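Reviewing the structure listed below.
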Amino acid sequence: MLSLQDIRDAATRLRGQVLDTPCVESRTLSDIVGAQVFLKFENLQFTASFKERGACNKLTLLTPAERARGVVAMSAGNHAQGVAYHAQRLGLRAVIVMPRFTPGVKVERTRGFGAEVVLHGDTLEEARAHAYRLADTEGLVFVHPYDDEAVAAGQGTLGLEMLQAVPDLDTLVIAVGGGGLIAGVATAAKALRPDIEIIGVQTSRFPAMVNAVKGTHHPQGTSTIAEGIAVGTPGTITQSIVKRLVDDLVLVDEGDIEQAVLMLLEIEKTLVEGAGAAGLAALVRYPERFAGKKVGLVLCGGNIDPLLLAAIIERGMVRSGRLARIKVSARDIPGVLARITATVADAGANIEEVHHQRAFTTLAAQNVEIELVLQTRGKAHVAQVLEELRAAGMEAALM
């Protein structure tokens, strides 16, 4: 059974091999959510994820015979890079099985750490099965991403560091996929501070641990922007620890996670992936639950696809009103478009797109409909732009 001593031993092994990342208060986020928020910046690890801790601890525990044979792991992301990087550092052969759909940038990054990448299967389950076959046929040691006590012990070193940095934390809010991170952190934190509250967070699209622990039957989706915690079946070892030590598990939606990613980017100037923002998403969604408490959050990873990040930023700007689409109807006469754009400019908004529509409209033939995408200062500014267009004799509405 995983113990505090296992985690302390792991911390000794990891010293100098992974970063003791900062754990600092965010005053602005604290003001927004009504709790005192401390952030553990695991996105600053070399591979931008906490997964290094568990991978490194597991690899350093291998016997000389196991080291000579090498290791195999299955992952489409952070675990792959953590195993590959530390295997390279320790001079071990590493085979990483990734599903065929894995983005090329992740494949190349994993290869860049010296791993042999095998693309197999269309799902994580197919890739995992192939990794087990390789372990059997080639005598490789399988490094599980979460259901392994040595891996969970490595992840648990986060709990030691957070309570060393901020000893009087009331609550730790931890993202949950297969459960390796929360199992390790809960084991360490509850042993040191039995009164501390441990809250796990899953995305509503992948609620496997919530269903397993609470006996609920939330349906499972097929995709999420928090792909790092998109696990269909929680670990056996980790599930047992979660049932015993974790006080509660909550669900957040995709919109909550998007908002949290954007808040961390804008306020803390730090980049996290969807799973890394899950803890903050829970504070935003359930502020009354954490009001007035000292809360520790783990920014567990920063490997986000640039195109996904661009979409999150743009959608966030729409929600806040800083990007708005309006429709303006006016008499179709020479100079009308110039009048519209001048009015918008005088109101202090910037035009990003213009669509001038004559044929596909129900307006009278003498009228024209113009769609504008505007960059503004927010919703109040959008309302001001619309009023000034109406004052200039045009019909204007938000689309």
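Bear in mind that the values here come from a model prediction, so they are computed numbers and not experimental data. Along the sequence shown, residues are numbered consecutively beginning with 1.
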(request) Taking the side chain as every heavy atom from C-beta outward, state whether Leu264 and Leu39 have any pair of such atoms under 4.5 Å apart. (result) yes

(message) With side-chain hydrogen bond (donor to acceptor under 3.5 Å, both in side chains) as the criterion, how do Glu254 and Thr224 come out once you've worked through the C-alpha distance, each side chain's angles and the decisive distance to 0.1 Å?
(response) CA-CA 7 Å; Glu254 297 295 290; Thr224 172; 2.7 Å; yes

(message) Testing the 3.5 Å rule here: is there a donor-acceptor pair between the side chains of His86 and Glu52?
(response) yes

(request) Check whether the side chains of Asn78 and Glu273 place a donor and an acceptor atom closer than 3.5 Å, and report yes or no. (result) yes

(request) To the nearest 0.5 Å, tell me how far Leu299 CG sits from Gln45 CD. (result) 12.0 Å

(message) Just so I know, are the side chains of Ser75 and Lys51 near enough to count as touching, which here means a heavy-atom distance under 4.5 Å?
(response) no

(request) Quick one: pull up CG in Leu389 and CD1 in Ile340 and give me the separation to the nearest 0.5 Å. (result) 7.0 Å

(request) Could you tell me whether a side-chain N or O of Thr376 sits under 3.5 Å from a main-chain N or O of Val382, the two making a donor and an acceptor? (result) no

(request) Can you tell me which residue pairs pass the ring-ring contact (aromatic ring centres under 6.0 Å, His included) test with a partner in residues 135-162, sequence neighbours excluded? (result) Tyr132-Phe142, Phe142-His144, His144-Tyr146

(request) Check salt bridge (Lys or Arg N to Asp or Glu O under 4.0 Å) between Arg322 and all other residues, then give those that pass, not counting sequence neighbours. (result) Glu266

(request) Walk me through it: do Lys190 and Asp247 pass the test side chain to side chain contact (heavy atoms under 4.5 Å, CB included)? (result) CA-CA 11 Å; Lys190 287 287 189 177; Asp247 296 282; 3.0 Å; yes

(request) Salt-bridge test for Asp170 and Lys294: reply yes if a basic N is under 4.0 Å from a carboxylate O, no otherwise. (result) no

(message) Is it the case that the side chain of Gln239 and the backbone of Pro234 share a donor-acceptor pair, with hydrogens and angles ignored and the cut-off at 3.5 Å?
(response) no

(request) Would you check if the side chain of Ser240 reaches a backbone N or O of Thr236 as a donor-acceptor pair within less than 3.5 Å? (result) no

(message) For Ser3, give me all partners under side-chain hydrogen bond (donor to acceptor under 3.5 Å, both in side chains), at least two apart in sequence or on another chain.
(response) Asp6

(request) Look only at the side chain of Asp256 and the backbone of Asp253, and say whether a donor-acceptor pair between them is shorter than 3.5 Å. (result) yes

(message) Please give me the minimum heavy-atom distance between Glu42 and Thr21, naming the atom from each residue.
(response) OE2-OG1, 2.5 Å

(message) Apply side chain to side chain contact (heavy atoms under 4.5 Å, CB included) to residues Lys214 and Met209 and explain how you reach the verdict.
(response) CA-CA 8 Å; Lys214 292 190 170 186; Met209 187 68 83; over 6 Å; no

(message) So Ser223 and Arg205, do their side chains get closer than 4.5 Å, heavy atoms only?
(response) yes

(message) Does any part of the side chain of Leu309, heavy atoms only, come nearer than 4.5 Å to the side chain of Leu265, both counted from C-beta?
(response) yes

(request) Begin with the C-alpha distance, continue with both residues' side-chain angles, and end with the deciding distance and a verdict on side chain to side chain contact (heavy atoms under 4.5 Å, CB included) for Leu140 and Val71. (result) CA-CA 5 Å; Leu140 301 168; Val71 298; 5.8 Å; no

(message) Around atom CZ of Arg315, are there more than 12 heavy atoms from other residues, nucleotides or ligands closer than 6.0 Å?
(response) no

(request) Would you confirm whether Arg390, through its side chain, and Ala396, through its main-chain N or O, come within 3.5 Å as a donor-acceptor pair? (result) yes

(request) Rounded to the nearest 0.5 Å, what's the gap from NE2 on His79 to CE on Met74? Could you check? (result) 7.5 Å

(request) Give, for atom CZ of Arg193 and atom CG of Asp168, the distance between the pair rounded to the nearest 0.5 Å. (result) 7.0 Å

(request) Let me see the working for Met263 and Ile32 under side chain to side chain contact (heavy atoms under 4.5 Å, CB included), right down to the final yes or no. (result) CA-CA 10 Å; Met263 288 171 71; Ile32 291 172; 4.0 Å; yes

(request) State, without any angle test, whether Thr60 and Arg13 hold a side-chain donor-acceptor pair at a distance under 3.5 Å. (result) no

(request) Could you tell me whether the side chain of Ile370 reaches within less than 4.5 Å of the side chain of Val354, counting heavy atoms only? (result) yes

